[in-house]
2 protein chains.
Amino acid sequence: MEVQLKRGSLEVCVLASLLKEDSYGYKIIQSLQEVVEISESTLYPILRRLEASNCLKSYSVEHNGRLRKFYSITEKGKDKIKEYLQDFQELMNIFNYIAKEVRKDD
Amino acid sequence: MEVQLKRGSLEVCVLASLLKEDSYGYKIIQSLQEVVEISESTLYPILRRLEASNCLKSYSVEHNGRLRKFYSITEKGKDKIKEYLQDFQELMNIFNYIAKEVRKDD
DNA sequence: CATAGTACTATGCGTTGTATAGTATTATAC
DNA sequence: GTATAATACTATACAACGCATAGTACTATG
């Protein structure tokens, strides 16, 4: 999948994965595996950005003598998901236009 | 519409608009108006990129004593559209996942 | 005891959408 | 008759984001 096309979607994908329950970096990558390939170098900056913009809150839990950083979604994070769902409708318009022009061309 | 979400789609949108007939910068902006808002500063770099990557060819036609630059789509450009249509299916998977998680949360 | 898995941080790059500004001609309106 | 809008394009510079790469460090498994 072309890199550019993922832009804006990965972030929201991560947010959505936290709706059900709080989670931490490594586990988020595992749980999103089926939906989209996301690497550490992509996820961790996303988590930091989302926390900085108050879409996520974090807290640490000790696990095997080390701290595991859990993230939980905020109301602002939920709002961001809703905005995405709306924006995606517009993107669908673009997609539909392209598909339509292709059909005309056949 | 969030800027990041447009990434990768605008380019293909421009390509698709040239399937029907050759066109030039100003007219492309007009014709895409209903589908997506695209400004000069977005379109012209796209046109140059697409030409540099051989997805478009260009030729100039005199109009009112000035040269008007027409673009026509190449086979490579058409291939790029097809790739986009496929990639978009993957993006839809991401979208569907997000929408599903939101429904669960209600 | 080496390898794989777990868990996270830091640095840096390329692509792309867009703002801003500049150039220059023609058509319309006051 | 001159100001404004429309036409048509070029050039520069920026910010955001996905991702590659590398490093740290601990635990479990064979």
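Below, chains carry the letters A, B, ... as their sequence lines are ordered, and counting in each starts from 1.
- Place B:R48 and A:E37 on DNA chain D by their nearest nucleotides, and B:R48 ends up nearer the 5' end.
- If you measure from atom OH of B:Y71 to atom C1' of D:dT10, you get 11 Å, rounded to the nearest angstrom.
- When the shell of 6.0 Å around CD of B:Q33 is examined, it contains more than 12 heavy atoms from other residues, nucleotides or ligands.
- Distance B:Y26 OH to D:dT7 P: 3 Å, rounded to the nearest Å.
- With C:dT6, C:dT20, D:dC9 as the choices, the nucleotide that has an atom nearest any side-chain atom of B:S41 turns out to be C:dT20.
- As a whole-Å value, the separation of B:I38 CD1 from C:dT16 C1' is 11 Å.
- Counting any heavy atom pair closer than 4.0 Å across all strands shown, B:E11 reaches sugar-phosphate atoms only and no base atom.
- Of the N and O atoms on the side chains of B:S58 and B:Y24, not one donor lies less than 3.5 Å from an acceptor on the other residue.
- At D:dC19, one or more side-chain N or O atoms of A:T42 fall inside 4.0 Å of OP1 or OP2 (strictly under the cut-off).
- Taking only distance into account, the side chain of A:Q4 never meets the base of D:dC17 through a donor-acceptor pair shorter than 3.5 Å.
- Here the P atom of nucleotide C:dT20 and the CD atom of B:E40 are 14 Å apart, to the nearest Å.
- Between the CD atom of A:E51 and the P atom of C:dT9 there is a distance of 10 Å, rounded to whole Å.
- Remark: the B:Y84 side chain and the B:S9 side chain contain an N/O donor-acceptor pair separated by less than 3.5 Å.
- Among the protein residues, B:Q30 comes within range of the sugar-phosphate backbone only, with heavy atoms under 4.0 Å from sugar or phosphate atoms but none that close to a base.
- Taking the side chain as every heavy atom from C-beta outward, B:E11 and B:K80 approach each other to under 4.5 Å.
- Between B:Y44 and D:dC9, a side-chain N or O to OP1/OP2 separation shorter than 4.0 Å is present.
- Atom CG of A:L67 is separated from atom C1' of C:dC8 by 11 Å (rounded to the nearest Å).
- In terms of phosphate contacts, B:R49 brings a side-chain nitrogen or oxygen within less than 4.0 Å of OP1 or OP2 of C:dT16.
- No donor-acceptor pair under 3.5 Å is formed between the side chain of B:D105 and the backbone N or O of B:E101.
- Here B:K69 lies in heavy-atom contact (under 4.0 Å) with sugar-phosphate atoms only.
- Between B:R7 and D:dG18, a side-chain N or O to OP1/OP2 separation shorter than 4.0 Å is absent.
- Atom CG in B:L43 sits roughly 9 Å away from atom P in D:dC9 (whole-Å rounding).
- Here D:dA6 presents its C1' atom at 11 Å from OH of B:Y24, a figure rounded to the nearest Å.
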